[in-house]
Amino acid sequence: MSRRDHSRQKFWKPTDDGPKTKIEEERLVDVTEADSTSFVPGNQTSLSIEKQRQQLPVFKYRTHILYLLEKYRTVVIIGETGCGKSTQIPQYLYEAGWAANGKVIGVTQPRRVAAITVATRVAEERAAILGHSVGYAIRFDDCTDAERTRIKFVTDGLLLREMMKDPLLTQYSVIMLDEAHERTLYTDIVLGLLKKVQRKREDLRIIVASATLDAEKFRKYFETNTSSDPEEDTAAILTVEGRMFPVDVFYIKAPVPSYLKATVETVMKIHHTERYGDILAFLTGQDEVEQVVSLLIEHARQLPKDALKMFVLPMYGSLPGREQMKVFERVGKGTRKIVIATNIAEASITIPGIVYVIDCGFVKINAYNPKGGFESLVVVPVSQASAQQRAGRAGRIRSGKAYRLYTEDDFLKLKPGSVPEMQRSNMAAVVLQLKALGIDNVLRFSFLSPPPAQNMVRGLELLYALGAVNETCHLTVPLGIRMAEFPLSPMFAKMLMASKDFGCSEEAVTIAAMMQIQNVFQTPSHNKINALKAKRLFSVAEGDHITMLNTFNAFLKWGKSARWCGQNFLNYKGLMRAIEIRKQLCALMKRAKVRLVSCNGDMVAIQKCLVSGFFANAARLNFSGVYRTIRDDYELHIHPTSVLYAEKPKQFVIFNEIVHTTKEFMRDVTVVDQRWLYELAPHYYDFGTENEIAAKRAKIDY
DNA sequence: GAGCACTGC
């Protein structure tokens, strides 16, 4: 391995630089909080918090940030990890009076936990009660006060929902989009909408906060100055250095045939030659993680008795909660923690104690294929930005080391950034949201990174087939409008609206809620057989949807018992979440004037209701024993997680989605009757020949 | 005959 020094400059040593400008003394305790009965920190605590705040790198830029925000309508702030931007900038704005006259400073986060933790920290620093002057709002958890809250942290998805009620975001004076470099679907939609809002609201200020990369792209996007005079610019960039320990990056000299083997070897080499400090290795999927974990456990067993011990742990999304928690525990002095993880550890969670990082150089992503209308899970090389982010995980507690299992040449050939989600997603839901927000011509919407036109067309076609938009591509009233209100994919929204016709709305909301949670049935690798047996208790011949309905009802019957879930290998947290989602959906049903009624076990009613939403996802059993989509004759297979997987195949099925892994699989499958397809979606299946369909499509005015 | 990157409303 060759040592490289150039990347050292990318991370910064902590500095002792004090503040360069003296600021006026400020009261940290809110007037609004002063008369509350709860604990208010004494003077000393306030001082020490104040001192801590002044030591953050971003503090030096306080006046500069405030100046830029006066002068420019949009400020792009490049803030490296640990600079304090997320917690400090909203407070600078508050202190400078941006929340005067009842206005609110809004800060978005891509993830729920981030919104809560940052809000909690800011409330602490301000000696405020969380939910009063400082609050957060995420789905199912609104911790704000309509009158009092001045600094509000939200998930970007929730801000989008707020925009449906108040398109101009009138209560906000500033919106800060944090972690914009992640380029999540919602961040990108909100970016586009804010650009539009800014045209109508001169006073609205936007801060785009990003960790390196794309600063100029963001700035240009918001720049409205068309003259050559830079004095007229409306957007500016500011860079704030981070506070990380240096991370030395090592590359391998020649490509390795197997990064799994190389991961095991590198872990062992670090363990034998490097001083204390935990190891984090990035792989692409659960399978790889489990393989490497078991190989390392073998190695750990062979260590001499007096040697430093190895504590090897897997970490991936579908790992049951209790096992996930283990990676956050600290280990004793005689032990080194070794975490083998998927991309979950890149940004979503932070594992404490990591000093060494191993990066295989690949990531598994979900890419939408507009031709087949399905999603594919594909392993692709990481971007340079991702590799940088992974390496940075080693520099949080002291200087660290990152081992890249690829050559430096290969690193230089990597793309600078990842493809934004917007360009690799199914657009149906996005289009529906945008239309509901009054954006008629979605093809001309100003996307920061426009999705492929074909993705948009495909999305529009589906909305048309569902009846959410008409021939002129306008949202239908009331169906399209109502559908947009549901926090669900358009197919599920349609299914709920259609449940009125089949008298099974009770069942439909349960199914929709259950389908939103992942890994309802858990299969721990050491107890697979019993887990599959347990699943069979709930399974029905009709398929996965009604199986989920049964599971949910059984959960209620057993009093929402966590113990019962454990005994039956069910995801307790997931089921509790399903209850909440269901509650929210019921409220929206009431708004849509669909009464909640039960069909009392009439399976056909439920199946027909499913067809009303998912008719486009229908497949027929071929003579050769495989399924093919009815519309496009696309070969499909039943996913191994489906209850229909081991059953004798039925003639016609509908499904929620297709995932391409080793084959094209249908996930969440239910048996249907062919006649229902023609009965419930004649417009979709009675078009006639392919040519007639093409002619009809061409007539639709996008 | 055998599989599950990660978020979010």
Side-chain angles (χ1 to χ4, degrees), chain A residues 108-115 137-142 154-165 179 182-190 282-290 315-320 341-349 360 362-367 375-380 382 386 418 421 424-425 429-430 432-433 436 484-490 492-493 512-513 516-525 528 532 571 577 580-581 584-585 587-588 625-626 637-642 644-649 657 659-668:
Chain A
T108 73
Q109 292 289 335
R111 279 170 295 279
R112 295 161 54 92
V113 273
I138 58 180
R139 187 184 184 187
F140 303 131
D141 189 2
D142 184 352
V154 291
T155 48
D156 40 22
L158 198 88
L159 188 74
L160 183 66
R161 289 280 152 187
E162 281 191 8
M163 293 184 88
M164 283 182 144
K165 286 180 211 138
E179 315 287 353
E182 287 190 25
R183 303 294 307 277
T184 68
L185 200 59
Y186 286 119
T187 306
D188 271 24
I189 299 173
V190 170
F282 287 97
L283 295 173
T284 70
Q286 175 183 340
D287 218 40
E288 291 180 358
V289 168
E290 294 291 1
M315 182 71 205
Y316 46 84
S318 59
L319 200 66
T342 62
N343 218 33
I344 193 170
E346 190 181 300
S348 309
I349 60 155
C360 75
F362 290 92
V363 64
K364 198 180 279 187
I365 59 154
N366 194 351
E375 296 170 327
S376 299
L377 283 176
V378 283
V379 174
V380 296
V382 291
S386 258
S418 317
E421 221 183 329
R424 49 184 173 87
S425 297
V430 175
L432 185 62
Q433 304 292 335
E485 284 172 5
F486 286 101
L488 299 170
S489 75
F492 276 116
Q516 309 309 309
I517 56 173
Q518 282 103 49
N519 314 305
V520 177
F521 302 102
Q522 299 190 321
T523 42
S525 42
K528 262 187 186 158
L532 289 173
N571 177 355
R577 194 173 159 75
E580 282 203 273
I581 296 174
Q584 188 190 20
L585 296 180
L588 288 163
V626 296
H637 303 265
I638 290 182
H639 198 278
T641 52
S642 170
L644 297 179
Y645 180 71
E647 301 296 314
K648 185 172 174 284
E657 57 176 3
V659 284
H660 180 137
T661 49
T662 51
K663 277 192 242 171
E664 260 106 37
F665 289 104
M666 301 176 265
R667 215 152 45 182
D668 299 322

Using a heavy-atom cut-off of under 4.0 Å over every strand shown, decide if A/Phe486 touches base, sugar-phosphate, or nothing.
nothing

Of B/dC9, B/dG3, B/dT7, the nucleotide closest to the side chain of A/Tyr186 is B/dC9

CZ of A/Arg577 versus C1' of B/dT7: gap in Å, rounded?
11 Å

Select from A/Thr523 and A/Gln516 the residue whose nearest nucleotide in DNA chain B is closer to the 5' end of that strand.
A/Thr523

Just checking A/Thr641: base, sugar-phosphate only, or nothing, at a heavy-atom cut-off of under 4.0 Å?
base

Which is true for A/Arg112 with a 4.0 Å heavy-atom rule: it touches a base, it touches only sugar-phosphate, or it touches nothing?
sugar-phosphate

Rounded interatomic separation in angstrom, taking CD from A/Gln109 and P from B/dG8
11 Å

In whole angstrom, give the distance that lies between atom OH of A/Tyr316 and atom P of B/dT7.
14 Å

Does A/Glu182 come within less than 4.0 Å of A/Arg111, counting only side-chain N to carboxylate O?
yes

Quick one, A/Ser318 with A/Gln518, criterion side chain to side chain donor-acceptor pair (under 3.5 Å). Give me CA distance, side-chain angles, the key distance, then yes/no.
CA-CA 8 Å; A/Ser318 59; A/Gln518 282 103 49; over 6 Å; no

Heavy atoms from C-beta onward define the side chain here; which of B/dT7, B/dA2, B/dG3 lies closest to that of A/Tyr645?
B/dA2

When you look at CG of A/Asp287, are more than 12 heavy atoms from neighbouring residues, nucleotides or ligands closer to it than 6.0 Å?
no

Pick the closest DNA chain B nucleotide for A/Val363 and for A/Glu647 by heavy atoms, then say which residue is nearer the 5' end.
A/Glu647

Out of B/dA5, B/dG3, B/dC9, which nucleotide sits closest to the side chain of A/Thr342?
B/dA5

Take the protein atom CZ of A/Arg111 and the nucleotide atom C1' of B/dG8, then report the distance between them rounded to whole Å.
10 Å

Can you check whether A/Thr155 has a side-chain N or O nearer than 4.0 Å to OP1 or OP2 of B/dT7?
no

NA contact type, A/Gln518, heavy-atom cut-off 4.0 Å: base, sugar-phosphate, or nothing?
base

NE2/A/His660 to CD/A/Glu375 distance, rounded to the nearest 0.5 angstrom?
13.0 Å

To the nearest Å, give me how far apart CG (A/Leu488) and P (B/dC9) are.
13 Å

Heavy-atom nearest pair, A/Ala345 first then A/Phe282, reads C-CE2, 3.6 Å

Whole-Å distance separating the CD atom of A/Gln584 from the C1' atom of B/dC9:
7 Å

So which nucleotide from B/dC9, B/dA5, B/dG3 ends up closest to the side chain of A/Pro640?
B/dG3

Expressed as a whole number of angstroms, how long is the span from A/Leu159:CG to B/dG8:P?
15 Å

Atom CZ of A/Arg183 to atom C1' of B/dT7: distance rounded to whole Å?
16 Å

Considering every strand and a 4.0 Å limit on heavy-atom distances, what is the contact class for A/Leu377: base, sugar-phosphate, or nothing?
base

Side chain of A/Lys663 (C-beta onward), nearest among B/dC9, B/dC6, B/dA2
B/dA2

N/O (side chain, A/Arg161) to phosphate O (OP1/OP2, B/dG8) under 4.0 Å:
no

Choosing from B/dG8, B/dA5, B/dG3, which nucleotide comes nearest the side chain of A/Asn366?
B/dA5

Identify the two heavy atoms, one from A/Leu588 and one from A/Glu485, that lie closest to each other, and give their separation to 0.1 Å.
CD1-O, 3.7 Å

